[in-house]
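Working notes for the structure below.
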Amino acid sequence: MTPATQYPCDPEGVCMRCKSMPPPEESLTCGTCVTPWHVSCLLSPPETLSATLQWLCPDCSGETNPLPVSGVAAGYGSVGSDLVAAIHSIEADETLSAEEKAKKKQQLLSGKGVVDEDDEEEKKKTSKGKKPIDVLSHFECSFCMQSLQKPVSVRVLFALALMLVWFLESTPCGHNACLKCFLKWMGQGHRSCGTCRSVIPESMVTNPRINLSIVSAIRLARVSEKADARTSKVVHYVDNEDRPDKAFTTERAKKTGNANASSGKIFVTIPRDHFGPIPAENDPVRNQGLLVGESWKGRLACRQWGAHFPHVSGIAGQASYGAQSVVLAGGYDDDEDHGEWFLYTGSGGRILKGNKRTNTVQAFDQVFLNFNEALRLSCKLGYPVRVVRSTKDKRSPYAPQGGLLRYDGVYRIEKCWRIVGIQGTHKMCRFLFVRCDNEPAPWTSDEHGDRPRPLPNVPELNMATDLFERKESPSWDFDEGEDRWRWMKPPPASKKAVKNVLDPEERKLLREAIKSANPNTMRARLLKEFKCQICQKVMTNPVTTPCAHNFCKACLESKFAGTALVRERGSGGRKLRSQKSVMKCPCCPTDIAEFVQNPQVNREVAEVIEKLKKQEEEENAKSLDEGQCSGTSHEEEDDEQPKKRIKLDTDAEVSATVVESDMK
DNA sequence: ATAAAAGTGGTT
DNA sequence: AACCACTTTTAT
């Protein structure tokens with residue numbers, strides 16, 4: 001079918017075509033994707049020296065692209081999350097023993113039940129008698145063909161015709177690439193997927209983000225290969241969206257956008273000026289400490305779990321003491337994020353008088369005072385600085401997606417200096433952060449944390465003024481013997497009291513709430529699996545469309561109320577042929593007009609919901625026995641309610657939902 | 001006491 | 001997407 005007999009070298013450096021390990025002089029590395037190839041196995045090896053220097057591999061040059069354009073199918077883009085979901089369901093199955101779970105995971109990961117389309121490549125490999133398909137081969141970079149490093153899922157444009165109007169939408173084309181390979185490809189001016197040639201939208205070019213589902217899947221797969229007990233950590237990392245982080249946001253706060261002003265109690269028992277990781281003993285609610293990869297919906301929750309205390313400022317610190325944490329939220333254009341290291345910009349230099357919080361114009365030079373001096377001090381003493389990344393950072397591929405803030409571990413500030421910023425008018429304080437955490441970063445599939453790494457090359461240092469580098473030995477450093485980062489000098493003694501923390505009763509309530517929000521509980525399954533996609537509540541009289549989407553019967557009917565199946569098309573007295581109305585499924589482009597005429601309740605789904613609700617009621621009754629539930633009597637009048645009233649959203653929502661859907 | 005701070009939800 | 005009103009926490 002195609003003359004596709006060219007293969008690169010595998011990760012071990014063995015040519016996948018001739019199966020030999022080419023000597024260095026016969027190995028040629030692609031200028032785009034840095035994959036090594038065996039020269040004598042190439043169909044058209046470069047002929048001149050300059051051609052050799054700028055050589056692009058067959059995949060990157062696109063000369064002999066063996067893969068047909070496969071149209072737009074939901075491909076690998078969704079594999080990551082599907083696979084993770086499948087792994088979780090195995091984990092959650094209590095009827096299985098540990099070994100059975102491991103076995104099931106192995107089966108799953110060996111390629112069965114994981115998309116079959118797009119697998120020309122796989123077929124070729126197997127037919128050639130190459131290694132059996134394992135999960136990692138599903139996660140190869142489409143440029144370098146090696147295990148994905150910092151995977152990005154390529155999105156491409158496709159045209160969608162709805163009601164005679166064409167929409168340009170973007171969708172994963174099913175091809176994943178290492179961030180590095182993708183950026184190189186883009187840097188060469190390409191604007192199409194290297195594999196399927198579909199056009200890549202500008203948003204993908206300017207803002208590629210690492211696909212954390214794939215990272216999780218790779219990590220889970222590795223864990224599962226070892227069949228050891230590290231899964232819980234990884235699972236936490238995947239599912240932390242389900243925690244009731246907003247538990248302490250008051251109704252009043254939510255109403256008027258005052259959330260930042262209503263920051264509640266702190267869940268961890270560390271002082272505000274605590275440096276470095278937060279250990280389990282300071283986390284009486286969960287007893288696990290602050291974990292790398294945890295994420296929150298807002299600065300409030302981020303503050304409550306101790307990652308970063310100020311809820312507006314990007315820097316936490318004191319000029320005479322040091323800086324404890326920073327947030328990367330793209331507030332300053334000069335920031336430059338490379339994941340394991342980044343260049344951070346100081347604060348200040350802007351006129352923010354009155355309420356001009358949105359002013360981004362630099363009006364004067366930044367100086368090493370206040371927060372900037374705090375950062376410089378942390379640099380001087382080599383303190384660990386907690387780093388939080390926000391979705392708001394639109395330029396960083398490492399930023400989390402979905403309006404979140406994520407704790408990424410501790411970094412050290414190795415150097416700081418000043419240089420005129422991007423706006424070209426005033427000097428900015430600059431800080432070189434390098435990661436030094438014992439846990440792997442959220443975007444790597446590594447199992448281990450950081451090892452000391454050489455400082456990156458920072459070109460702008462040539463033009464820098466006021467350069468400051470640490471002279472003394474760092475307080476937080478890598479212990480070769482213990483193979484981990486630790487305090488080499490005692491951490492600075494806190495100057496502040498631990499305050500505004502939960503009392504024991506509140507802790508208990510929160511612990512309960514977290515337990516309830518655990519994705520394996522009935523409650524969470526109710527919420528997740530049986531939510532009506534229109535009213536977002538657990539379904540009442542569930543109906544399932546031909547396109548397999550679920551809604552409350554009433555919600556669906558009211559959506560199309562007043563739309564007749566057949567429309568008369570008439571002008572004046574003349575009658576034209578009547579036309580069928582198109583009724584688009586609220587979740588997909590499928591026309592469900594016929595279905596809507598007489599939707600039948602899905603009895604099976606309804607029964608499952610009934611069962612789950614009953615179980616949940618029993619659970620609730622039990623927990624009511626154990627401890628007095630806080631008055632979750634909603635309906636507070638919005639004028640004079642106590643400012644810091646505690647409200648457990650999750651509980652309130654769930655019980656309200658159940659009551660409603662209980663009605664016939 | 002004062003002003004800065006990489007926020008938040010709602011509205012143009 | 002830009003603006004706005006509403007606010008708290010923090011450092012000094």
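The figures here come from the full heavy-atom set of this structure, side chains too, leaving out hydrogens, waters and symmetry mates. Naming convention: chains lettered A, B, ... in sequence-line order (proteins, then strands); numbering from 1 in each chain.
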Practice prompt. May I ask you to decide if the ring planes of A:Tyr344 and A:Phe431 are parallel, tilted or perpendicular, using 30° and 60° as cut-offs?
Written response: tilted
Discussion item. For A:Trp487 and A:Phe275, take the angle between the two ring planes, folded into 0 to 90°, and tell me which bin it lands in: parallel under 30, tilted 30 to 60, perpendicular over 60.
Written reply: perpendicular
Side chain of [X] - closest among [options]:
| X | options | answer |
| --- | --- | --- |
| A:His311 | C:dT10, C:dT8, B:dT8 | C:dT8 |
| A:Gln318 | C:dT12, B:dA5, B:dT8 | C:dT12 |
| A:Arg303 | C:dT10, B:dT8, B:dA5 | C:dT10 |
| A:Lys499 | C:dT10, B:dG7, C:dA11 | C:dT10 |
| A:Arg272 | B:dA6, B:dG7, C:dT9 | C:dT9 |

Just to be sure I understand the rule, does [X] reach a base, reach only the sugar-phosphate, or reach nothing, if contact means heavy atoms closer than 4.0 Å?
| X | answer |
| --- | --- |
| A:Ile315 | nothing |
| A:Ala374 | nothing |
| A:Lys496 | sugar-phosphate |
| A:Tyr344 | base |
| A:Gly317 | sugar-phosphate |
| A:Thr345 | base |

Fill in: Nucleotide paired to C:dT7 in any strand shown, Watson-Crick or G-U, under 3.5 Å
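Paired with C:dT7, as far as the under-3.5 Å criterion goes, is no nucleotide at all.
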Discussion item. Between A:Phe468 and A:Phe368, is the ring-ring contact (aromatic ring centres under 6.0 Å, His included) condition met? List the steps.
Written reply: CA-CA 11 Å; A:Phe468 177 86; A:Phe368 286 111; 8.1 Å; no
In whole angstroms, how far is the [atom2] atom of [N] from the [atom1] atom of [X]?
| X | N | atom1 | atom2 | value |
| --- | --- | --- | --- | --- |
| A:Phe309 | B:dA6 | CZ | P | 18 Å |
| A:Leu375 | B:dA6 | CG | P | 12 Å |
| A:Leu404 | B:dA6 | CG | P | 21 Å |
| A:Asp393 | B:dG7 | CG | C1' | 16 Å |
| A:Leu369 | C:dT10 | CG | P | 21 Å |
| A:Asp273 | C:dT12 | CG | P | 12 Å |
| A:Lys495 | C:dA11 | NZ | P | 11 Å |
| A:Leu300 | B:dG7 | CG | P | 12 Å |

Worksheet item: What distance, rounded to whole Å, do you find between the two C1' atoms, one in C:dC6 and one in B:dA5?
Response: 15 Å
Worksheet item: In whole Å, what separates the C1' atom of C:dT7 from that of B:dA4?
Response: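 Taking atom C1' in both C:dT7 and B:dA4, they lie 14 Å apart.
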Worksheet item: What about A:Asp335: does its side chain form a donor-acceptor pair under 3.5 Å with the base of B:dA6?
Response: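 When only heavy-atom distances are counted, A:Asp335 does reach the base of B:dA6 through a donor-acceptor pair under 3.5 Å.
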Worksheet item: How far apart are the C-alpha atoms of A:Gln324 and A:Arg272, what are their side-chain angles, what is the distance that settles it, and do they pass the side-chain contact (heavy atoms from CB on, under 4.5 Å) test?
Response: CA-CA 8 Å; A:Gln324 292 84 26; A:Arg272 308 307 165 79; over 6 Å; no
Discussion item. The test is side-chain contact (heavy atoms from CB on, under 4.5 Å); show your working for A:Lys427 and A:Gln366 and say whether it passes.
Written reply: CA-CA 6 Å; A:Lys427 281 188 178 174; A:Gln366 289 186 345; over 6 Å; no
Response to the item:
Result for 5'-nearest mapping on DNA chain B, choosing between A:Leu405 and A:Ser313, is A:Ser313
Worksheet item: Taking OP1 and OP2 of B:dT8, is either one under 4.0 Å from a side-chain nitrogen or oxygen of A:Lys297?
Response: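 No, outside the criterion.
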Worksheet item: Short question: side chain of A:Asp365, backbone of A:His426 - any donor-acceptor pair under 3.5 Å?
Response: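 No; zero donor-acceptor contacts below 3.5 Å.
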